[in-house]
Amino acid sequence: MSIAISQPLLNLSTFGWLSIVRIGLVQACIGAIVVMTTSTLNRIMVVELALPASLPGFLVAIHYFVQVIRPRMGFESDSGAKKTPWILGGITLLALGGFGAAIATTLMGVHLLLGIASAIVAFFFIGVGVSMSGTSLLALLAKGVSDERRAAAATTVWLMMIFGFAMTSGIAGKFLDPYEPEKVILISGIISLSAMALSFAALFKLEGHDLQNSRAKKDKKVPFKKALSDILADPDTKRFTIFIFLSMLAFSAQDLILEPFAGMVFKYTLGETTSLSGIQHAGVLTGMLLVAVCGSSRLRKYFGSLRSWMIYGCLASALAMFGLVLAGLIEGDWPLKPNVFLLGLANGAFSIAAIASMMRLAVVGGAGKEGVRIGLWGGAQAIAFGLGGLIGAGASDLARSIFTNPAFAYSSVFFIEALLFVVSAYMASLVERKNSTTSQAR
């Protein structure tokens with residue numbers, strides 16, 4: 001079953017900016033709970049409890065790999081009349097998982113094995129909660145946002161999620177010092193309850209009757225395997241899935257090795273490597289805002305389609321990674337900070353263009369399967385992120401065992417990541433290739 005890109009997109013009354021901000025607030029709440037578990041609890045396990053870093057890495061990987069169920073979660077939300085119950089149910093599970101993870105972490109200091117077992121269950125709940133809420137939320141946004149607003153809407157929602165990360169980390173960090181197990185549980189509980197309350201308020205009467213699946217009660221429910229196989233039969237869907245996986249694999253593989261690279265090769269201090277990470281995030285933010293402005297329907301004819309931003313964003317990311325390869329070979333005599341800013345800029349540009357394209361492709365051909373498509377692509381992204389950190393760190397360790405010079409070892413890993421970005425650009429160029437003229441107009 002091939003999706004004809006020339007078909008009219010879903011024609012419903014669209015979300016205004018207030019509705020988009022309300023969806024962004026829910027995304028910020030999801031981010032607030034997740035960052036508490038993947039960042040703050042991570043640090044407590046390694047520093048305060050003196051546990052191996054592989055333990056939180058394993059737990060975070062669980063929450064990513066569980067998200068392979070995203071297509072099923074999207075399918076179930078498609079089958080019902082409304083997506084809001086699935087979003088709220090997912091937020092509730094996520095909040096329970098986040099609170100449970102805090103309890104499990106403090107329990108590790110008393111009874112290690114029981115604490116680890118409890119944490120595994122909690123992170124499983126976190127993965128399921130993110131799958132339910134995140135997939136259904138993005139599917140709802142895809143249905144309700146007009147085409148000319150997709151890039152700006154995607155940027156708004158993701159910036160609010162980043163804001164949720166930053167605000168939660170800042171507030172939690174302020175009240176957690178000095179470390180006490182009881183405070184960790186209390187603060188986690190407050191964050192979880194607050195996120196639930198804000199999400200319920202933000203979603204109140206947001207999903208109108210025109211966005212509901214009116215056919216859900218009339219038509220016989222299509223089996224999940226049949227729905228998934230029908231979607232995968234479309235070449236564009238398969239190509240876009242491969243693009244999402246490869247690009248996000250390359251995107252995430254750099255996270256755990258860029259700062260150690262700067263410290264070992266460029267002799268950066270801890271504070272300098274932290275500021276380098278800030279430079280990269282500033283680049284990502286700039287790239288997102290750039291696509292939000294240039295990706296609007298009025299300016300696309302001057303600055304290119306979202307498809308073009310994906311292609312050239314990946315190629316620019318590859319160029320920046322090749323710059324890091326040269327930085328390792330030269331061993332220090334290289335403008336590292338501008339290079340890292342360019343990497344962030346390119347990453348932000350292609351990633352937000354991919355999210356906006358994901359929202360558009362999800363509703364091409366009509367309503368009813370946007371949740372499965374979003375779930376498929378969200379699952380590919382989650383698995384890529386889960387593998388990316390493990391593979392990036394593992395590959396750098398392997399390379400350092402092969403090369404006596406650590407700079408060469410890091411350069412070899414950056415080279416592989418650059419190649420992944422080149423292949424990603426090629427896959428992006430294949431999406432909607434037969435309809436590129438039509439796509440340029442959108």
Check your understanding: Going through the distances and angles, do Phe99 and Ile33 end up as a side chain to side chain contact (heavy atoms under 4.5 Å, CB included)?
Key -> CA-CA 9 Å; Phe99 184 58; Ile33 299 175; over 6 Å; no

Revision key, fill the gap. Those residues at least two apart in sequence (or on a different chain) that pass side-chain hydrogen bond (donor to acceptor under 3.5 Å, both in side chains) with Thr92 are none

Check your understanding: Going by heavy atoms in the side chains, are Phe15 and Leu206 under 4.5 Å from each other?
Key -> yes

Review point. Can you check side chain to side chain contact (heavy atoms under 4.5 Å, CB included) on Met108 and Ile116, steps first, answer last?
Key: CA-CA 7 Å; Met108 289 178 192; Ile116 292 175; 4.3 Å; yes

Practice item. Answer yes or no: does atom NZ of Lys337 have more than 12 heavy-atom neighbours from other residues, nucleotides or ligands under 6.0 Å? Key: no

Point to revise | Heavy-atom side-chain proximity of Gln381 to Trp377 below 4.5 angstrom | key: no

**Study point:** Within 6.0 Å of CZ in Phe175, more than 12 heavy atoms from elsewhere
**Key:** no

**Study point:** Over all atoms of both residues, closest heavy-atom pair of Thr37 and Gly98
**Key:** CG2-CA, 3.8 Å

Practice item. Run the numbers on Leu137 and Leu141 for side chain to side chain contact (heavy atoms under 4.5 Å, CB included), then give the verdict. Key: CA-CA 6 Å; Leu137 185 69; Leu141 183 65; 6.0 Å; no

Review point. Counting N and O atoms only, with roles assigned by atom type, does the side chain of Asp78 sit under 3.5 Å from a partner on the main chain of Val372, one being a donor and the other an acceptor?
Key: yes

Exercise for review: Quick one: pull up CG in Leu326 and CG in Asn339 and give me the separation to the nearest 0.5 Å.
Suggested key: 8.5 Å

Point to revise | Nearest-0.5 Å distance, CE of residue Met248 to CZ of residue Phe245 | key: 12.0 Å

Review point. Is Ser192 reaching over with its side chain to a backbone N or O of Gly189, donor-acceptor style, under 3.5 angstrom?
Key: no

**Study point:** Minimum heavy-atom distance Ala349-Trp309, with the two atoms named
**Key:** CB-CE3, 4.1 Å

Exercise for review: Mind checking the NE2-CG spacing from His281 to Leu276? Nearest 0.5 Å is all I need.
Suggested key: 10.0 Å

Practice item. Could you check if a side-chain atom of Val293 sits within less than 4.5 angstrom of a side-chain atom of Leu289, using non-hydrogen atoms only? Key: no

Review point. Just wondering, do Leu258 and Leu324 contact through their side chains at under 4.5 Å, heavy atoms?
Key: yes

Review point. Counting only N and O atoms by type, is there a donor-acceptor contact under 3.5 Å from the side chain of Ser351 to the main-chain atoms of Gly348?
Key: yes

Exercise for review: Answer yes or no: is there a donor N or O on one side and an acceptor on the other, between the side chain of Gln67 and the main chain of Gly378, under 3.5 Å?
Suggested key: no

Practice item. Over all heavy atoms of both residues, which pair between Ala428 and Arg307 is shortest? Give the atoms and the distance, please. Key: O-NE, 3.9 Å

Review point. Under the 3.5 angstrom rule, does the side chain of Ser424 hit a backbone N or O of Ser247 as a donor-acceptor pair?
Key: yes

**Study point:** Test item: Leu94 and Met196 side chains (from C-beta on) under 4.5 Å apart, heavy atoms
**Key:** no

**Study point:** CA sep, side-chain torsions, deciding dist, call: Met358, Ile244, side chain to side chain contact (heavy atoms under 4.5 Å, CB included)
**Key:** CA-CA 9 Å; Met358 182 190 303; Ile244 288 293; 4.0 Å; yes

**Study point:** Minimum side-chain heavy-atom gap Val157-Leu138 below 4.5 Å
**Key:** no

**Study point:** Flag, side chain of Ser77 to backbone of Gly74, donor-acceptor distance under 3.5 Å
**Key:** yes

Exercise for review: Would you confirm whether Arg239, through its side chain, and Val431, through its main-chain N or O, come within 3.5 Å as a donor-acceptor pair?
Suggested key: no

Check your understanding: Between Ala154 and Met359, what is the shortest heavy-atom contact and its length?
Key -> CB-SD, 4.0 Å

Review point. Could you state the interatomic distance from OG (Ser252) to OH (Tyr64), rounded to the nearest 0.5 Å?
Key: 8.0 Å

**Study point:** Among Phe261, Phe322, Phe408, ring pair (Phe, Tyr, Trp, His ring centres under 6.0 Å) partner for Phe414
**Key:** Phe261

Study note, to complete from the structure: Rounded to the nearest 0.5 Å, the CD1 atom of Ile352 sits from the CH2 atom of Trp158 at a distance of 7.0 Å

Point to revise | Donor-acceptor contact below 3.5 Å, side chain Ser188 vs main chain Val184 | key: no

Practice item. Indicate yes or no: at least one non-hydrogen side-chain atom of Ile62 is less than 4.5 angstrom from one of Ile126. Key: no

Check your understanding: What do you reckon, is CZ of Phe65 surrounded by more than 12 foreign heavy atoms closer than 6.0 Å?
Key -> yes

Revision key, fill the gap. Interatomic distance, CE@Met288 vs CD1@Ile355, rounded to 0.5 Å, equals 6.0 Å

Point to revise | Closest heavy-atom pair and its distance - Ala346, Gly313 | key: CB-O, 3.5 Å

Check your understanding: If you look at every heavy atom in Ala250 and Leu420, which pair is closest and at what distance?
Key -> CB-CB, 3.7 Å

Exercise for review: Examine the side chains of Trp86 and Ser133 and answer whether a donor and an acceptor come within less than 3.5 Å of each other.
Suggested key: no

Practice item. Compute the ring centroids of Phe243 and Tyr426, then answer whether they are less than 6.0 Å apart. Key: no

Check your understanding: Are Leu59 and Ile120 close enough that some pair of their side-chain heavy atoms sits under 4.5 Å apart?
Key -> yes

